[in-house]
J.: 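Have a look at this one before I ask anything.
To find a chain, count down the sequence lines: A is the first, B the second, and so on, and within it residues start at 1. Only this structure's heavy atoms are used, side chains among them; waters, hydrogens and symmetry mates stay out. Everything quoted here is computed from the prediction, not taken from an experiment.
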Amino acid sequence: MSKNTPKAIRGTQDIFGADAEAFAFVVETFERVRRLYRFRRAEFPVFEKTEVFARSLGETTDVVSKEMYSFEDRGGDSLTLRPEFTAGIARAYLTNGWQQHAPLKVATHGPLFRYERPQKGRYRQFHQIDAEIIGAAEPQADVELLAMADQLLRELGIEGVTLHLNTLGDADSREAWRAGLIDYFGKVRGDLSEDSQERLEKNPLRILDSKDPRDKAFLSDAPKIDAYLSDEALAFFESVTSGLDAASVKWTRAESLVRGLDYYRHTAFEFIPDEGSAAADALGTQSTVLGGGRYDGLMESLGGPATPAVGWAAGIERLIMSIGEREEAPLEAMVLVEHDAGLAEANRLLANLRAGGVVAEIMATGSLKKRYDKAVKQGPKHILRVNETGYYSISGEGDTSRIVAAINAETSP
RNA sequence: GCGAUCGUAGCUCAGUUGGUUAGAGCGCCGGUUUGUGGUACCGGAGGUCGGGGGUUCGAGACCCCUCGAUCGCCCCA
């Protein structure tokens with residue numbers, strides 16, 4: 001490679017071969033499952049006005065303050081490449097008058113952008129599948145959304161992943177809990193890690209999942225959300241869990257599972273690989289494979305009416321790591337042109353084979369020996385030989401009926 | 001933003017305490033053998049050793065800077 005060949009942008013990836021097949025498998029499976037649950041397909045802009053994210057995520061969050069790809073366009077507007085789906089979908093819901101479709105179930109997928117240090121399972125351009133239910137306040141929506149996620153993971157063949165479930169309560173419960181945590185951790189502030197001392201100011205809930213041993217000593221006695229839940233919030237959570245049980249979605253209570261963003265209420269969840277599972281090994285420390293929650297506070301932050309909603313997103317790259325590589329479609333028929341005079345006949349054959357649904361390739365360059373060598377290396381089930389007089393024989397084991405039918409088919413006009 | 005490890009051919013890597021024209025396997029191209037199909041053999045192309053400075057008679061190797069990769073921390077899917 002010449003030194004003046006431009007390199008790829010840090011944190012981006014060129015996906016090819018078995019990984020690309022796995023990527024397609026994830027998207028195709030998601031599309032199939034999403035139809036079963038009647039989620040409607042939607043596409044959204046890759047960039048939005050910066051305020052869409054700044055207002056919904058909160059100016060002080062790490063994502064907004066230091067991880068967004070923001071730029072000024074030629075008209076002087078500040079735009080941002082989407083760092084997540086939810087804010088843009090909320091904006092679309094409000095600006096398009098989609099209240100008329102409420103409760104609206106939407107599914108989408110595509111690239112997202114975050115200026116972060118790349119590491120295992122994290123990229124600056126990454127890809128997610130995403131599902132949201134907007135305008136539904138009932139716990140039934142949470143149940144349906146989670147059932148869909150659970151079925152998707154199973155259909156992807158991902159084993160050893162468990163739904164970790166928590167509730168953050170309604171706005172009042174959440175605030176009271178937050179105050180309780182600040183009070184509790186504030187008393188031992190000096191003994192906390194530097195990171196957690198900072199979290200105490202910015203994001204006290206996050207202290208709960210600190211990995212620092214200095215913090216862990218205080219976690220077991222920390223106030224629990226359950227002590228602050230209103231009757232309504234508790235009833236909501238119980239409806240969700242009983243619904244999951246009825247739908248046989250396995251889950252485990254995760255009292256320290258929280259969300260960094262303020263707009264989350266009630267249900268919060270992540271699908272996390274069990275310790276020691278193959279998926280856990282494959283994912284390293286980026287353990288969460290699918291996560292989401294209820295975000296009843298979001299629409300108002302964008303100037304819309306109070307609108308309840310739940311959603312989740314899953315990183316396609318992480319799903320790929322959990323399911324491993326996928327084979328490309330096997331080659332069924334290799335048309336081997338022994339003599340250049342047979343090229344026209346070979347092209348006729350190829351057209352017929354492919355029209356008949358047969359996976360076919362042509363080999364027509366190099367010496368005769370090279371042609372056979374290269375043809376064999378591609379592992380075709382059958383080789384169709386063509387010489388200067390045309391097609392003359394087929395070799396290989398197994399059923400050839402589809403191929404023979406295609407060979408003999410009338411040439412399409 | 002912080003830390004650790006690493007960057008040699010298209011790919012995977014070797015390269016002894018610094019010492020002549022930087023190597024191997026695979027892949028690619030050409031050829032020989034073979035029964036016009038997986039074999040074996042012969043030959044060839046392909047590297048300013050990530051980039052830039054420095055130390056030295058001499059740097060792929062040592063030092064500094066920089067870019068990138070990988071794995072952690074923060075944050076998060």
J.: State, to 0.1 Å, how close A:H266 and A:D296 come at their nearest heavy-atom pair, and which atoms those are.
T.: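 Taking A:H266 first and A:D296 second, the nearest heavy atoms are CD2-OD2, 3.9 Å.
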
J.: Between B:rC28 and B:rG47, how far apart are the two C1' atoms, rounded to whole Å?
T.: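 It works out to 16 Å between them.
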
J.: Looking only at side-chain atoms of A:P118, point me to the closest of B:rC75, B:rC76, B:rU70.
T.: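 Between B:rC75, B:rC76, B:rU70, the one nearest the side chain of A:P118 would be B:rU70.
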
J.: Quick one: which of B:rU36, B:rG72, B:rA77 gets closest to the side chain of A:R318?
T.: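 Nucleotide nearest to A:R318's side chain: B:rA77.
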
J.: The side chain of A:R114 lies closest to which of these nucleotides: B:rA77, B:rG37, B:rG1?
T.: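 The nucleotide sitting nearest to the side chain is B:rA77.
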
J.: Roughly how many Å apart are B:rG60 and B:rG15, using the C1' atom of each and rounding to a whole number?
T.: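 Going atom to atom, C1' in each nucleotide, I get 8 Å.
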
J.: Send over the distance from A:F85 CZ to B:rC76 P, rounded to a whole Å.
T.: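 Distance, rounded to whole Å: 19 Å.
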
J.: Given B:rG27, B:rC76, B:rG1, which nucleotide is nearest the side-chain atoms of A:Y115?
T.: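 For the A:Y115 side chain, the nearest candidate turns out to be B:rG1.
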
J.: Mark yes or no for a side-chain to base donor-acceptor pair under 3.5 Å between A:R122 and B:rC71, with no hydrogen or angle criteria applied.
T.: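 Checked by distance alone, the answer is no.
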
J.: Can you tell me how far P in B:rG7 sits from the matching atom in B:rG27, rounded to whole Å?
T.: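 Rounded to whole Å, the distance is 25 Å.
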
J.: So if I apply the side chain to side chain donor-acceptor pair (under 3.5 Å) rule between A:Y295 and each of A:R259, A:E132, A:R265, which one comes out positive?
T.: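 It is A:E132; the other options fail the test.
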
J.: Using atom CD of A:E198 as one end and atom P of B:rC2 as the other, report the distance to the nearest whole Å.
T.: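 Roughly 15 Å, once rounded to whole Å.
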
J.: Check the distance between B:rC75's P and A:E270's CD and give it to me in whole angstrom.
T.: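 The distance from CD of A:E270 to P of B:rC75 comes to 13 Å, rounded to the nearest Å.
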
J.: With a 4.0 Å cut-off on heavy atoms, is A:D212 in touch with a base, just the backbone sugar-phosphate, or nothing at all?
T.: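 Result for A:D212 = nothing.
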
J.: Quick check for you: among B:rG72, B:rG1, B:rU33, whose closest atom lies nearest to any side-chain atom of A:K369?
T.: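 Nearest to the side-chain atoms of A:K369, counting from C-beta on, is B:rU33.
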
J.: How do A:D62 and A:G396 order along RNA chain B: which one's closest nucleotide is nearer the 5' end?
T.: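 Nearest-nucleotide comparison on RNA chain B picks A:G396.
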
J.: Could you tell me whether A:I383 contacts a base, only the sugar-phosphate backbone, or nothing, with contacts defined as non-hydrogen atoms closer than 4.0 Å?
T.: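 Touches a base.
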
J.: Do any N or O atoms of the protein come closer than 3.5 Å to N or O atoms of nucleotides 66-68 of chain B, and which pairs are they?
T.:
unit_1, atom_1, unit_2, atom_2, d
B:rC67, O2', A:K7, NZ, 3.3

J.: Look at the side chain of A:Q13 against the base of B:rA69 and say whether a donor-acceptor pair falls under 3.5 Å; ignore hydrogens and angles.
T.: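 There is none.
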
J.: When you compare B:rU12 with B:rA4, how far apart are their C1' atoms, in angstrom units rounded to a whole number?
T.: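 One C1' to the other, the span is 24 Å.
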
J.: What's the closest nucleotide to the side chain of A:E116 if the choices are B:rC29, B:rG38, B:rC75?
T.: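 Of B:rC29, B:rG38, B:rC75, B:rC75 is nearest to the side chain of A:E116.
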
J.: How long is the line joining NZ of A:K216 and P of B:rC73, in whole Å?
T.: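 It is 11 Å, rounded to the nearest whole Å.
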
J.: Of all the heavy-atom pairs spanning A:D340 and A:R371, show the shortest one and how long it is.
T.: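 That would be OD1-NH2, 3.3 Å.
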
J.: Please report, rounded to the nearest Å, how far the C1' atom of B:rA77 is from the CZ atom of A:F113.
T.: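 Distance, rounded to whole Å: 15 Å.
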
J.: Touch check for A:K202, heavy atoms < 4.0 angstrom, all strands: base, sugar-phosphate only, or nothing?
T.: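 The residue A:K202 makes no contact with any strand.
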
J.: Nearest whole Å is fine: how far is B:rA69 P from A:D14 CG?
T.: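 One finds 12 Å between P of B:rA69 and CG of A:D14, rounded.
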
J.: Would you say the ring centroid of A:H109 lies under 6.0 angstrom from that of A:F85?
T.: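 No, they do not, as the ring centres are separated by 6.0 Å or more.
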
J.: Determine the Euclidean distance between corresponding P atoms of B:rC6 and B:rC64; express it in Å to zero decimal places.
T.: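 The answer is 13 Å between these two P atoms.
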
J.: With side chains defined as the heavy atoms from C-beta onward, is the minimum distance between A:E361 and A:V335 less than 4.5 Å?
T.: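 They are not in contact (no side-chain heavy atoms under 4.5 Å apart), so the answer is no.
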
J.: Determine the Euclidean distance between corresponding P atoms of B:rG53 and B:rC49; express it in Å to zero decimal places.
T.: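 To the nearest whole Å, 12 Å.
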
J.: Looking at the side chain of A:R117, which of B:rG72, B:rG37, B:rC76 is the nearest nucleotide?
T.: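 So the side chain of A:R117 is nearest to B:rG72.
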
J.: Would you indicate, yes or no, if B:rC74 has its OP1 or OP2 atom less than 4.0 angstrom from a side-chain nitrogen or oxygen of A:K211?
T.: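 Looking at the OP1 and OP2 atoms of B:rC74, one of them is under 4.0 Å from a side-chain N or O of A:K211.
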
J.: Taking only side-chain nitrogens and oxygens of A:R206, does any of them come within less than 4.0 Å of OP1 or OP2 of B:rC76?
T.: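 Yes, A:R206 has a side-chain N/O under 4.0 Å of OP1/OP2 on B:rC76.
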
J.: Does A:Q119 put a side-chain nitrogen or oxygen below 4.0 Å from OP1 or OP2 of B:rG72?
T.: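 Yes.
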
J.: State, yes or no, whether a side-chain contact exists between A:L152 and A:I129 at a heavy-atom distance under 4.5 Å.
T.: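 Heavy-atom side-chain distance check passes, below 4.5 Å.
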
J.: Please compare A:K374 and A:N203 by the position of their nearest nucleotide in RNA chain B and report the one closer to 5'.
T.: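 Comparing both residues, the 5'-ward one is A:K374.
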
J.: Donor-acceptor pair, A:D212 side chain versus A:S193 backbone, under 3.5 Å?
T.: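 Not a single qualifying donor-acceptor pair exists.
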
J.: Going by atom types alone, do A:T108 and A:D130 pair a side-chain donor with an acceptor below 3.5 Å?
T.: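 No, no side-chain donor-acceptor pair sits under 3.5 Å.
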
J.: Using the rule salt bridge (Lys or Arg N to Asp or Glu O under 4.0 Å), only one of A:R122, A:R124, A:R10 pairs with A:E116; which is it?
T.: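 In the set A:R122, A:R124, A:R10, the residue that makes a salt bridge (Lys or Arg N to Asp or Glu O under 4.0 Å) with A:E116 is A:R122.
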
J.: Enter the distance from A:E21:CD to A:I15:CD1 here, rounded to the nearest 0.5 Å.
T.: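 CD1 of A:I15 is found 12.0 Å from CD of A:E21.
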
J.: Look at the side chain of A:E338 and decide which nucleotide, out of B:rA77, B:rU36, B:rG72, has an atom nearest to it.
T.: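 Nearest listed nucleotide: B:rU36.
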
J.: Do A:F39 and A:I133 make a side-chain contact, defined as non-hydrogen atoms from C-beta onward lying under 4.5 Å apart?
T.: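 Result yes, sub-4.5 Å side-chain heavy-atom pair found.
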
J.: Dot-bracket notation for RNA chain B is requested: 5' to 3', Watson-Crick or G-U wobble pairs only, both distances under 3.5 Å, with ( ), [ ], | and . as defined.
T.: (((((((..((((.....[...)))).(((((.......))))).....(((((..]....))))))))))))....

J.: Grab the CG-C1' distance between A:D373 and B:rG31 for me, whole Å please.
T.: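 Atom-to-atom, A:D373 to B:rG31, this comes out as 13 Å.
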
J.: Which nucleotide in the set B:rC75, B:rG37, B:rA4 lies at the smallest distance from any side-chain heavy atom of A:R385?
T.: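 Side chain of A:R385 sits closest to B:rG37.
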
J.: Looking at A:R114 and A:E84, is any side-chain nitrogen of the basic one under 4.0 Å from a carboxylate oxygen of the acidic one?
T.: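 Salt bridge absent between A:E84 and A:R114.
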
J.: With respect to the phosphate group of B:rG27, does any side-chain polar atom (N or O) of A:K370 fall under 4.0 Å of OP1 or OP2?
T.: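 The answer is no; no side-chain N or O of A:K370 sits under 4.0 Å from OP1 or OP2.
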
J.: On a heavy-atom basis, which atom in A:Y69 and which in A:F113 lie closest, and how many Å separate them?
T.: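 Reported closest heavy-atom pair: CD1-CB, 3.8 Å.
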
J.: Taking atom C1' in both B:rA9 and B:rG46, what distance in whole Å separates the two?
T.: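 B:rA9 and B:rG46 have their C1' atoms separated by 6 Å.
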
J.: Using the P atom in both, what is the distance from B:rG23 to B:rU32, to the nearest Å?
T.: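 So the two P atoms sit 29 Å from each other.
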
J.: Provide, to the nearest angstrom, the distance between the CD atom belonging to A:E194 and the P atom belonging to B:rC2.
T.: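 The answer, rounded to whole Å, is 17 Å.
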
